[in-house]
Amino acid sequence: MAKLDDDDAYETELAELQLALVKYQQHAMQNGDKVLIILEGRDAAGKDGTIKRMTEHLSIRATRVMALPKPTEIETTQWYFQRYVQHLPAAGQIVIFNRSWYNRAGVERVMDFATPKQQEMFLRDVPHFEEMLVESGIQLVKIWLDISREEQAERLKERREDPLKALKVSPLDDVAQEKWAEYSSARDEMLTRTHNGTTPWTCVVTDKKKDARLNVMRHVVRTIAPEDISKDVAKPDNKVLFPFEIGAIAEGRLNR
């Protein structure tokens, strides 16, 4: 297992995990697997960096990363899930949602972009919607990336000061800190009401980026790949990555 201060060990394991993902994608393309990975989390929690490492050596044709913009005027009148359905994986494909329909339970709730009725309908309907996806043959992996308030502030400051990160700067960045408590409450309700045995949530502590990336990739490989590919992949560190449970909120394993 790579140590965080050991760059060589990190790069070695990263390459091994990327190779495992390549081998899995070959298997998926041959066997028609359909994989959907949802990455959610607070702003600056590391979604982009994690996705970049996961997809670096995967097939462009068989891999799609979806980061949808705000809905158009027409899309706001459609069934809420409609604009996401068209991006679901077909046979042999891996699709990663960099934020997903869970916007309705997060930013749309905190920023009042959706009404309380719309938010409640979403939390009621999404478990059934995702169960339908699983029954259709999609392997669904849901990951919540958690970050401390202090680390988020530091990363947001770095974004503003680094010209190469200018495209990551969002008007909502400042709100992420101002409405920290509101985002915490939204997260807690979302995870509690949409975690179940069929489509569980997995939580990741992301203050240390490299550690988080490796553990996410370990989890993904061990979840979606057959044993002949995943058997040599280390188990995730349970101090970094763990299945969601109510106790994680009360015990402080999720930042508040």
Side-chain (Lys34) to main-chain (Ser136) donor-acceptor, under 3.5 angstrom: yes

Flag, side chain of Asn98 to backbone of Met66, donor-acceptor distance under 3.5 Å: no

Test item: Gln25 side-chain N/O and Val22 main-chain N/O as donor-acceptor pair under 3.5 Å: no

CA sep, side-chain torsions, deciding dist, call: Glu130, Thr198, side chain to side chain donor-acceptor pair (under 3.5 Å): CA-CA 8 Å; Glu130 291 178 347; Thr198 303; over 6 Å; no

Expected output: side-chain Thr199 to main-chain His195 donor-acceptor under 3.5 Å: no

Sub-4.5 Å side-chain heavy-atom contact between Val65 and Phe97: no

Side chain to side chain donor-acceptor pair (under 3.5 Å) involving Thr76 - partner list, sequence neighbours excluded: none

Shortest non-hydrogen contact from Val220 toward Ile143: CG2-CD1, 4.1 Å

Working for side chain to side chain contact (heavy atoms under 4.5 Å, CB included), residues Lys142 and Thr202: CA-CA 6 Å; Lys142 301 193 301 187; Thr202 297; over 6 Å; no

Ala45 backbone acceptor or donor facing Thr206 side chain under 3.5 Å: yes

Polar side-chain atom of Ser59 near backbone of Ala62 as donor-acceptor pair, under 3.5 Å: yes

Side chain to side chain donor-acceptor pair (under 3.5 Å) partners of Gln139, counting only residues at least two apart: Tyr24

Hydrophobic cluster membership, Leu123 vs Ile249, 4.5 Å side-chain cutoff: yes

Cationic N near anionic O, under 4.0 Å, Lys208 to Glu151: no

Salt bridge flag under 4.0 Å for residues Arg193 and Glu120: yes

Any donor-acceptor N/O pair, Arg149 side chain to Gln177 backbone, under 3.5 Å: yes

is_close_aromatic(Trp201, Phe242), centroid dist under 6.0 Å: no

Asn255 backbone acceptor or donor facing Arg187 side chain under 3.5 Å: yes

N-O pairing of Arg99 and Asp43 below 4.0 Å: yes

For Glu56, all residues meeting side chain to side chain donor-acceptor pair (under 3.5 Å), sequence neighbours excluded: Gln18

Shared hydrophobic cluster, Ile96 / Tyr84 (ILVMFWY, side-chain heavy atoms < 4.5 Å): no

Option passing side chain to side chain contact (heavy atoms under 4.5 Å, CB included) with Leu21 (candidates Val233, Thr55, Leu58, Thr63): Leu58

Trp101 and its ring-ring contact (aromatic ring centres under 6.0 Å, His included) partner, picked from Phe129, Phe122, Tyr80: Phe129

Evaluation steps, side chain to side chain contact (heavy atoms under 4.5 Å, CB included), between Asp207 and Ser148: CA-CA 7 Å; Asp207 277 22; Ser148 69; 2.7 Å; yes

Donor-acceptor contact below 3.5 Å, side chain Asp6 vs main chain Asp8: yes

CD (Glu227) with more than 12 external heavy atoms under 6.0 Å: no

Partners passing side chain to side chain donor-acceptor pair (under 3.5 Å) against Asn238 (at least two apart in sequence or in another chain): none

Test side chain to side chain contact (heavy atoms under 4.5 Å, CB included) applied to Arg83 and Leu68, step by step: CA-CA 9 Å; Arg83 75 185 190 124; Leu68 300 186; 3.8 Å; yes

Gln93 side-chain N/O to Arg64 backbone N/O, donor-acceptor pair under 3.5 Å: no

Verdict with reasoning, Asp174 to Arg160, per salt bridge (charged side-chain N to carboxylate O under 4.0 Å, His left out): CA-CA 11 Å; Asp174 291 334; Arg160 292 190 293 269; 3.5 Å; yes

Evaluation steps, side chain to side chain donor-acceptor pair (under 3.5 Å), between Glu108 and Gln119: CA-CA 8 Å; Glu108 291 189 23; Gln119 296 162 28; over 6 Å; no

Cluster companions of Met132 among Ile, Leu, Val, Met, Phe, Trp, Tyr (side-chain spacing under 4.5 Å): none

Trace of the salt bridge (charged side-chain N to carboxylate O under 4.0 Å, His left out) decision for Asp228 with Lys23: CA-CA 10 Å; Asp228 63 323; Lys23 289 180 178 178; over 6 Å; no

Beyond-backbone contact of Leu241 with Cys203, side-chain heavy atoms, under 4.5 angstrom: no

Reference residue Val204; test side chain to side chain contact (heavy atoms under 4.5 Å, CB included); the match among Asp146, Asp211, Val240, Ile147: Val240

Co-membership, hydrophobic cluster, residues Ile246 and Val205, 4.5 Å side-chain: yes

Intermediate values then yes/no, side chain to side chain contact (heavy atoms under 4.5 Å, CB included), Val216 and Leu145: CA-CA 9 Å; Val216 167; Leu145 302 181; 4.1 Å; yes

NZ/NE/NH1/NH2 to OD/OE distance under 4.0 Å, Glu189 and Arg109: yes

Residues 163-173, side-chain donor-acceptor partners within the protein, below 3.5 Å, at least two apart:
{"from": "Lys165", "atom 1": "NZ", "to": "Glu158", "atom 2": "OE2", "distance (Å)": "2.5"}
{"from": "Ser170", "atom 1": "OG", "to": "Leu172", "atom 2": "N", "distance (Å)": "3.1"}
{"from": "Asp173", "atom 1": "OD2", "to": "Ser170", "atom 2": "N", "distance (Å)": "3.1"}

Full working for side chain to side chain donor-acceptor pair (under 3.5 Å) between Asn103 and Ser100: CA-CA 6 Å; Asn103 278 337; Ser100 66; over 6 Å; no

Face-on cation placement of Arg256 at Trp180 ring, 6.0 Å and 45° thresholds: no

Connected via hydrophobic side-chain network under 4.5 Å: Ile38 and Val95: yes

Passing candidate, side-chain hydrogen bond (donor to acceptor under 3.5 Å, both in side chains) with Glu13, options Arg213, Arg218, Lys210: Arg218

